[in-house]
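Heads up: the structure comes next, in structure tokens.
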There are 2 protein chains.
Amino acid sequence: MSDKKLTLNDIARLSGVGKSTVSLVINNSEKVKKATREHVEAIIKQYGYTPSKAAQALRSQREKIIGVVVTRLDSASENRAIRAILPHIYQQEYDAILMESLLDPKLLEGHLHVLEQRNVEGVILFGFSGVNKKIIKNWKNKLVLIASALPDFASVIYDNAGAVKLLMEKMKNDGHRNVSYIGVTSNDITTGSTRYQTYLTYCEKFGYRPTAALGDLSYQSGYDLAKEILTPETSALICASDTIALGAIKYIKEQGWEIKVGSIGSTPLMTFLQPDVISVRLGYQEAGLKASQLLMDMLRGEKTHEHVIIPCAIQ
Amino acid sequence: MSDKKLTLNDIARLSGVGKSTVSLVINNSEKVKKATREHVEAIIKQYGYTPSKAAQALRSQREKIIGVVVTRLDSASENRAIRAILPHIYQQEYDAILMESLLDPKLLEGHLHVLEQRNVEGVILFGFSGVNKKIIKNWKNKLVLIASALPDFASVIYDNAGAVKLLMEKMKNDGHRNVSYIGVTSNDITTGSTRYQTYLTYCEKFGYRPTAALGDLSYQSGYDLAKEILTPETSALICASDTIALGAIKYIKEQGWEIKVGSIGSTPLMTFLQPDVISVRLGYQEAGLKASQLLMDMLRGEKTHEHVIIPCAIQ
DNA sequence: CTGTTAGCGCCTTCAA
DNA sequence: TTGAAGGCGCTAACAG
């Protein structure tokens with residue numbers, strides 16, 4: 001533990017081979033005799049040698065770092081995705097730089113600029129409405145979008161339409177005929193409008209009269225919009241997120257109404273506080289893992305861009 | 001944007017000076033004539049040159065990376081601290097590697113090992129009961145503990161005693177004589193026992209009969225322990241965290257009781273859902289910022305270790 | 001105060 | 001299949 005760092009040179013001397021042989025071993029090249037490789041690997045393990053990232057980066061001109069830009073660190077959904085992303089990245093011997101966009105395109109642009117300057121190899125970006133092709137144009141083939149999609153860029157998106165469909169069908173099967181909706185406009189256009197449109201589509205299909213309101217992702221917005229659109233006749237409510245649902249439920253309880261609530265997210269908090277809410281889980285962990293796998297494939301040149309949809313399910 | 005990266009050499013040529021002069025300018029050395037420095041800086045800005053991290057690291061043998069190990073990514077309190085830490089680290093031209101210990105000493109040990117191998121310069125570690133001197137012994141003078149303290153290591157801790165004191169005094173002033181307590185054992189010994197002990201101390205001081213239970217930080221634990229110790233006679237309850245409080249409140253509401261709840265944390269969720277809860281904010285952001293400032297000072301050799309207590313306040 | 005020089009640890013030709 | 005040599009971009013002596 002106290003010995004100074006060993007170098008590739010030391011390992012070469014200790015195992016009686018040349019530097020380049022050791023280098024080949026490290027990089028899993030096929031061009032080393034099996035006996036030699038095993039001997040060198042034994043020495044490496046014995047002395048606990050690890051190649052210097054700095055030297056590798058300098059020599060190869062690649063930094064082995066992935067930038068991860070979330071919209072909010074305290075978003076429960078993004079948190080779960082990050083939990084899958086970080087270990088996967090570390091496991092691939094990459095480092096991760098985590099940043100927060102706060103849904104601000106200017107801030108995002110700054111972050112991407114920093115990442116570019118640091119020679120970061122790839123980026124995983126949680127989308128929002130301010131993300132456009134221009135901002136990320138320098139990252140073709142080395143950026144994966146999560147939760148929103150853009151032509152020519154890889155993306156992993158949630159099955160927003162499927163989630164609303166599940167909820168609408170469930171409500172219908174449970175006999176609800178008066179189903180309202182509270183969603184979002186501002187977060188991510190795709191997410192927001194897909195969910196809303198799907199709600200409208202199913203209203204029409206089922207012959208329901210749509211009653212909807214759109215706001216932001218906060219508890220307060222859920223509360224305010226609930227006050228605006230709910231009536232004693234409302235029998236069910238679908239919310240675009242758990243935070244909105246918690247806000248709406250607060251209002252519903254204050255009124256003493258009985259309204260069945262369905263929500264997209266399925267956070268532990270919701271499951272605990274309101275177990276009778278119908279929760280759809282979008283698959284955040286799966287999305288995170290998928291995104292980092294996809295990015296790694298792209299960096300290896302095994303894929304260009306690709307669009308993945310993560311399936312959802314009622315909890 | 002499309003030009004290949006400039007090197008220090010290019011800048012030297014372009015500004016008609018030697019490489020080392022440029023190096024000195026980059027590193028803000030005092031030993032450069034003002035005119036020369038300004039000229040070189042102008043060229044640097046004009047061409048948008050940024051020094052190669054890899055080369056700097058290789059040459060100087062320092063990686064300019066800080067490891068940040070939280071207990072849980074989805075902890076609201078740690079989240080707020082991270083929000084202060086990351087920007088501060090990036091701003092100092094450092095990178096941050098974020099990891100999650102999940103309160104598991106083995107996992108933490110693995111993470112610290114990885115960080116050591118990557119030549120990470122310093123670590124900010126969110127403490128829990130499994131953290132001991134042995135695990136972090138290799139990090140003397142380059143590690144700052146948050147939320148717990150250990151001799152010979154720098155730490156930034158919350159004013160746990162002060163928080164409970166504030167709550168107890170407030171309850172007393174509001175006329176409550178039957179004040180229960182729900183806390184934690186498992187998370188962090190210091191945090192858990194300090195808060196509990198302070199509760200006991202003030203019970204004695206005020207002549208109250210203590211009624212307390214200790215569990216973990218989950219909603220469920222709060223709920224279960226509430227069921228265990230609360231009675232219709234209980235007039236107030238102090239909870240060691242917002243999550244516990246939310247669990248306890250659920251039980252209280254189910255019983256239809258009127259119990260004044262005080263809690264430590266002051267998360268937006270709590271403020272929204274239960275505005276009448278008395279919340280003490282511990283100063284997470286301040287703690288995060290303080291910790292990274294302290295670490296930077298230590299890395300610069302300006303400080304060795306130091307213990308900082310962040311003041312708390314009723315929201 | 002500024003230029004010259006010699007590596008930091010590794011990967012990549014090029015020979016052998 | 002393996003060894004030797006050169007250089008990635010930068011910093012830190014040491015001269016001037």
Side-chain angles (χ1 to χ4, degrees), chain A residues 3-41 43-44 47-65 93-95 116-121, chain B residues 3-44 47-65 93-95 116-121 300:
Chain A
D3 31 346
K4 60 203 168 302
K5 277 253 182 254
L6 290 173
T7 76
L8 177 147
N9 237 321
D10 300 322
I11 299 297
R13 240 185 322 96
L14 286 166
S15 44
V17 301
K19 297 161 52 172
S20 55
T21 308
V22 180
S23 177
L24 290 177
V25 170
I26 291 172
N27 297 294
N28 297 312
S29 165
E30 306 299 318
K31 326 167 73 174
V32 186
K33 215 193 317 180
K34 201 169 163 218
T36 318
R37 127 157 294 124
E38 279 167 359
H39 176 227
V40 173
E41 277 172 347
I43 300 281
I44 288 179
Y47 287 86
Y49 161 74
T50 6
S52 145
K53 295 268 173 208
Q56 288 181 318
L58 175 57
R59 184 59 241 235
S60 65
Q61 305 286 38
R62 333 185 313 150
E63 279 283 356
K64 297 267 264 177
I65 299 180
E93 304 268 71
Y94 274 71
D95 282 344
E116 208 173 332
Q117 294 203 148
R118 302 218 175 172
N119 271 310
V120 162
E121 277 193 59
Chain B
D3 31 344
K4 59 199 170 306
K5 277 249 181 261
L6 289 173
T7 75
L8 177 146
N9 234 321
D10 300 324
I11 299 298
R13 241 186 319 98
L14 286 166
S15 43
V17 302
K19 296 163 54 172
S20 58
T21 307
V22 179
S23 178
L24 290 176
V25 170
I26 290 171
N27 298 293
N28 297 311
S29 164
E30 306 299 318
K31 324 166 74 174
V32 185
K33 214 196 311 180
K34 201 164 164 227
T36 318
R37 126 157 295 122
E38 279 167 358
H39 176 226
V40 174
E41 278 172 345
I43 300 281
I44 288 179
Y47 288 86
Y49 161 74
T50 7
S52 146
K53 295 269 173 205
Q56 288 180 317
L58 176 57
R59 183 60 243 227
S60 65
Q61 306 287 35
R62 328 187 318 148
E63 279 284 358
K64 296 269 261 177
I65 298 181
E93 305 268 71
Y94 274 72
D95 282 344
E116 208 174 333
Q117 292 203 149
R118 302 219 174 170
N119 270 312
V120 161
E121 277 192 60
R300 274 193 295 269

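Values below: all heavy atoms of this structure, side chains included; hydrogens, waters and symmetry mates excluded. By convention in this document, chain letters (A, B, ...) are assigned in the order of the sequence lines, proteins followed by strands, and residues within each chain are numbered from 1.
- We find that CD1 of B/Ile26 is positioned 10 Å from C1' of D/dG9, with the value rounded to whole Å.
- If you measure from atom CG of A/Asn119 to atom P of D/dG9, you get 10 Å, rounded to the nearest angstrom.
- Side chain B/Ser20 to base C/dT4: a donor-acceptor pair is found below 3.5 Å.
- The base of C/dG7 lies close enough to the side chain of B/Arg59 for a donor and an acceptor atom to sit less than 3.5 Å apart.
- The base of D/dG3 lies outside donor-acceptor range of the side chain of A/Thr21, with no N or O pair under 3.5 Å.
- Atom CG in A/Asp10 sits roughly 9 Å away from atom P in C/dC10 (whole-Å rounding).
- Contact annotation: the side chain of B/Val25 approaches that of B/Glu41 to within less than 4.5 Å [non-hydrogen atoms, C-beta and beyond].
- Looking at which nucleotide of DNA chain C each of A/Leu24 and B/Gly16 is closest to, the 5′-most match is held by B/Gly16.
- Between A/Val40 and A/Tyr49, every side-chain heavy-atom pair lies at or beyond the 4.5 Å cut-off.
- Contact check, B/Thr36 against C/dC1: no side-chain N or O comes under 4.0 Å of OP1 or OP2.
- At whole-Å resolution of the value, CG in A/Leu6 and P in C/dG9 are 10 Å apart.
- When every heavy atom of A/Tyr94 is checked against every heavy atom of A/Glu121, the shortest pair comes out as OH-OE1, 3.4 Å.
- Distance OG1/A/Thr50 to CG/A/Leu8: 12.0 Å, rounded to 0.5 Å.
- Between B/Glu63 and B/Ala57 the shortest heavy-atom distance is OE1-CB, 3.8 Å.
- Residue A/Lys19 contributes atom NZ, which lies 22 Å from atom P of D/dT1 at whole-angstrom precision.
- Taking CZ from A/Arg37 and CD1 from A/Ile44, the interatomic distance works out to 9.0 Å, rounded to the nearest 0.5 Å.
- A/Leu8 comes within contact range of the sugar-phosphate backbone alone, with a heavy-atom separation under 4.0 Å but no base atom that close.
- For the pair A/Ser23 and C/dC11, the criterion of a side-chain N or O lying under 4.0 Å from OP1 or OP2 is met.
- Residue B/Gln61 places at least one side-chain N or O closer than 4.0 Å to OP1 or OP2 of C/dG9.
- In this entry the distance linking CD of A/Glu38 with C1' of D/dT1 reads 16 Å, nearest Å.
- Each of A/Ala55 and B/Ser60 lies near DNA chain D, and the nucleotide nearest A/Ala55 is the one positioned closer to the 5' end.
- With values rounded to the nearest 0.5 angstrom, B/Leu6 atom CG is found 12.5 Å from B/Ser52 atom OG.
- Residue A/Asn27 has a polar side-chain atom (N or O) positioned under 4.0 Å from OP1 or OP2 of C/dC11.
- OP1 or OP2 of D/dT11 lies within a sub-4.0 Å distance of a side-chain N or O belonging to B/Gln56.
- Atom NZ of B/Lys31 is separated from atom P of D/dA12 by 11 Å (rounded to the nearest Å).
- As a whole-Å value, the separation of B/Arg37 CZ from C/dT2 C1' is 13 Å.
- Using a 4.0 Å heavy-atom cutoff across all strands shown, A/Val32 reaches sugar-phosphate atoms only and no base atom.
- The rotation axes computed at either terminus of the helix from C/dC1-D/dG16 to C/dA16-D/dT1 lie 40° apart, taking five pairs at each end and rounding to 10 degrees.
- Residue contacts shown for A/Val17 are limited to sugar-phosphate atoms, with no base heavy atom under 4.0 Å away.
- Heavy atoms of B/Lys33 sit under 4.0 angstrom from primed sugar atoms or phosphate atoms, though from no base atom.
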